[in-house]
Protein chains: 2
Amino acid sequence: MSKETNKASEPAPTPELDRRKTSILGTVVYEYIATGEPVGSATLTQKYNLGVSPATVRAEMAALEDEGYLDQPHTSAGRVPSDLGYRYYVDRLIQPEVLGTEERELIRTEIHRARTQLDSAVDHASHVLSNLTRSIAFAVSPRLDSQTYRHLQLIWVNAHHVHVVLVTELGTAAQATIESAREVDPDQLTRACNTLNARLAGRRLNEINAALLTELTRDNALPAELLRALAAMFATHGDLELERRLFAGGANNLLDQQEFRDFRTLRAILELLEEQQTLYRWLQESLQHEGATVSIGHELGSADMNECSVVTIPYKVGDRTAGALGVLGPRRMQYARLLSLISHVADSLNTLFQNETPA
Amino acid sequence: MSKETNKASEPAPTPELDRRKTSILGTVVYEYIATGEPVGSATLTQKYNLGVSPATVRAEMAALEDEGYLDQPHTSAGRVPSDLGYRYYVDRLIQPEVLGTEERELIRTEIHRARTQLDSAVDHASHVLSNLTRSIAFAVSPRLDSQTYRHLQLIWVNAHHVHVVLVTELGTAAQATIESAREVDPDQLTRACNTLNARLAGRRLNEINAALLTELTRDNALPAELLRALAAMFATHGDLELERRLFAGGANNLLDQQEFRDFRTLRAILELLEEQQTLYRWLQESLQHEGATVSIGHELGSADMNECSVVTIPYKVGDRTAGALGVLGPRRMQYARLLSLISHVADSLNTLFQNETPA
DNA sequence: TTTAGCAGTCGGCACAGGAGAGTGCTAATC
DNA sequence: GATTAGCACTCTCCTGTGCCGACTGCTAAA
């Protein structure tokens, strides 16, 4: 299972708390996640065998509040975890939840279903994730550069537009329509396409650049513009990959969560889903880390998102990181379960995309 | 401009009201759409020059309520239009709103932008519609059958999967991955594909059926299954066209409307968007009518949708109805403006898809 | 037929008071 | 010195009351 990365406070890891504080903090977080109600000292001692009296718990909770791990909605209410409290819980206290076999099976079959298109496997992954977590799930389609070229089809649409379909060893990987200011000759296009297929089969896509394409198609010169676009498709340069598809779904689950009964939050999330930019950025950031990344409340960087948390995880095609998926839910989410689920979904994708001939 | 069709009460058109009742009903609807507040007799006589006193207006409103055109939220409140009231307004009283030139221009340019893919034009249409109406817009991609074959590309993915890209005179029209239980030979596929392109160019897609495909590819026999799937792609049979893409967006506009501050309604709509089935059915029904179709409140057939209205309109490719688009908003929507907008968007699509060589 | 006037109805809001939950503090206890 | 019982205190939430304002329906006069 993947390790979760501390994202917001990279240089200053949370200091360690003594055993009893740890135990109380953990119990408060656990209980609050389960019930959604502020947790009082009495409840805590009754439901969990802590071996101390409510008065002691009160003192410790007051201390934990001073140190910033707990919040108090108002004077006469119980305690609620703060962002820091959740952070400590996620970084140190969480223990991976074991998934039921039926869940594991569901994930596997669902993801393996439509496997001739890489896109569609990721789409399915996002769907199954949103259903299992009853939250919003999102994912970005895989980058191509480390995959192996199998077949390219250049289809002449009209003098200024060429449709491209790329098939890699893993299946149909990308399609796009490229516009060219210079006119494209259909016959030259066909011949160039044949040459490319003859010469490029088996190559890694990231070895293929505009210069190579130009050289191979010298006899049937195509517009440089077209070749550049083609090369760009193969070797995704940095962050400019706006063409990659983003899947998001599960907005109907929003209203199950009491924290989303607030219209400000609700609107913020719906706008997020509509514009997609931010989701995309979160996934992009996730690519930097090995395992799952958890971002809690204010760490998301928007006041309207203070009641939310996001969990993201990268997935691989072959041996290389190719994309990522994520879940957006209430800050009061079941982190243990969610981390297990998302890790398993990512693992399933990895397995599917691992060997070069899945079908 | 298109005529709106009475959808729910086809056989029994609303009876005509006398001049004064008509005027009062119209004013109530107009005022309520503008303000969102129940309309009282005093407000009405003050803001609109009706030539009668509040008392008379009260009597008429009471009558209109008896006849079912108005509702009263509670005894001491003003009146609100009922579904029947809106229906009368839409069918008889509405006068088309003239769009500003900047709006017309926006629609035109936005739709003409990505025009090498039919899908993408419809997608853009849906987007521009949701932005201009600040509501949810949705649309289904065009059916193909009346278009002209230009080019077909069959791409061998693996022994059991073939990727198909179809280009018609209007541009890239469809792509799909077809699964075949019987093995497909790559060389035969290529030769069959060449034959088809040589023989089918210029034909109407609906003239092409499985029998014709089988005959043309007799020399390079392909699995019957594959040919059937191919034929199905061309000649969309009735309602079985689950492969056609549906676009929907604008959920973030939901919260602008006070009627969507209700969680029941909100959830119902979010679920609608997620499952897509119902949206699809509405569009399907819209194809039966010439112009715009307006469905008001209970006419949508779901209790959770009582506060909503839907406007749909078909669009054409060539001279034949090929798809439809729609807007989902509050029952208290600006029907006049909305009908103008959606009609203009549909007209723009029609123009774009009219001639056989747009690019 | 229309209108002015008036009594009646109802929702919404502000306000007060009581119940309940949970705290912090202090003094006694281990 | 750490822990605990007891208690006064604080604050939210709920409920009930009373008032204000908006609009109606009815009746009698124009």
Side-chain angles (χ1 to χ4, degrees), chain A residues 17-25 27-32 34-82 85 258-259 261-262 307, chain B residues 17-25 27-32 34-82 85 258-259 261-262 307:
Chain A
L17 295 168
D18 71 47
R19 187 187 220 96
R20 195 167 66 186
K21 278 210 180 67
T22 299
S23 146
I24 289 178
L25 175 57
T27 318
V28 169
V29 174
Y30 182 87
E31 173 72 7
Y32 183 65
T35 65
E37 301 289 319
V39 184
S41 56
T43 325
L44 217 55
T45 48
Q46 276 164 34
K47 289 180 95 167
Y48 305 90
N49 191 3
L50 295 175
V52 288
S53 77
T56 312
V57 172
R58 278 204 288 283
E60 292 288 40
M61 292 208 299
L64 281 167
E65 188 182 346
D66 282 345
E67 297 168 52
Y69 294 95
L70 293 178
D71 281 338
Q72 202 172 17
H74 57 267
T75 334
S76 73
R79 299 309 206 289
V80 159
S82 68
Q258 61 185 84
E259 27 272 284
R261 300 265 147 149
D262 169 59
E307 287 305 315
Chain B
L17 295 169
D18 70 45
R19 186 188 220 96
R20 195 167 66 186
K21 278 209 180 66
T22 300
S23 146
I24 289 178
L25 175 58
T27 318
V28 169
V29 175
Y30 182 86
E31 174 71 6
Y32 183 66
T35 66
E37 300 290 319
V39 185
S41 56
T43 324
L44 218 54
T45 48
Q46 276 165 33
K47 290 179 94 167
Y48 305 89
N49 192 3
L50 296 175
V52 288
S53 78
T56 312
V57 172
R58 277 205 288 284
E60 293 288 38
M61 292 209 298
L64 282 168
E65 189 181 345
D66 283 345
E67 298 168 53
Y69 294 95
L70 293 179
D71 281 337
Q72 202 172 18
H74 56 267
T75 333
S76 72
R79 299 310 206 289
V80 158
S82 67
Q258 61 184 85
E259 29 271 284
R261 301 268 148 146
D262 169 59
E307 288 305 315

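Reminder, nothing fancy here: chain letters follow the sequence lines and each chain counts from 1.
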Can you measure [X] atom [atom1] to [N] atom [atom2] for me and round it to whole angstrom units?
| X | N | atom1 | atom2 | value |
| --- | --- | --- | --- | --- |
| B:D71 | D:dT24 | CG | P | 14 Å |
| A:E31 | C:dG22 | CD | P | 11 Å |
| B:Q72 | D:dT24 | CD | C1' | 7 Å |
| B:Y32 | D:dC23 | OH | P | 14 Å |
| A:E37 | C:dT23 | CD | P | 14 Å |
| A:K21 | D:dA2 | NZ | C1' | 13 Å |
| B:M61 | D:dG25 | CE | C1' | 12 Å |
| A:I24 | D:dT3 | CD1 | P | 10 Å |

Looking at [X], I'd like to know whether one of its side-chain N or O atoms comes within less than 4.0 Å of OP1 or OP2 on [N].
| X | N | value |
| --- | --- | --- |
| B:S76 | C:dC10 | no |
| B:R79 | D:dT24 | yes |
| B:R20 | C:dT2 | yes |
| B:T56 | C:dT1 | no |
| B:T75 | C:dT9 | no |

Can you tell me if [X] uses its side chain to pair, donor with acceptor, with the backbone of [Y] under 3.5 Å?
| X | Y | value |
| --- | --- | --- |
| B:S82 | B:G68 | yes |
| B:T35 | B:E31 | yes |
| B:T45 | B:S53 | no |

Counting only side-chain heavy atoms from C-beta out, which of C:dA4, D:dT4, C:dG24 sits nearest to A:R58?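 Nearest to the side-chain atoms of A:R58, counting from C-beta on, is C:dG24.
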
Considering only side-chain heavy atoms of A:H74, which listed nucleotide, C:dT23, D:dT12, C:dT3, is closest?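 Closest of the options to the side chain of A:H74: D:dT12.
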
Qualifying residue, where the test is salt bridge (charged side-chain N to carboxylate O under 4.0 Å, His left out) with B:E60 and the options are B:R19, B:R79, B:R20: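 Of the listed residues B:R19, B:R79, B:R20, the salt bridge (charged side-chain N to carboxylate O under 4.0 Å, His left out) partner of B:E60 is B:R20.
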
With a cut-off of 6.0 Å (strictly less than), are more than 12 heavy atoms of other residues, nucleotides or ligands near OH of B:Y30?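 12 or below, so no.
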
When you match A:A55 and A:T43 each to their closest nucleotide on DNA chain C, which lands nearer the 5' end?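 Between the two, 5'-proximity favours A:T43.
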
Hey, which sits more toward the 5' end of DNA chain C by its nearest nucleotide, B:P73 or B:G51?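 Between the two, 5'-proximity favours B:G51.
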
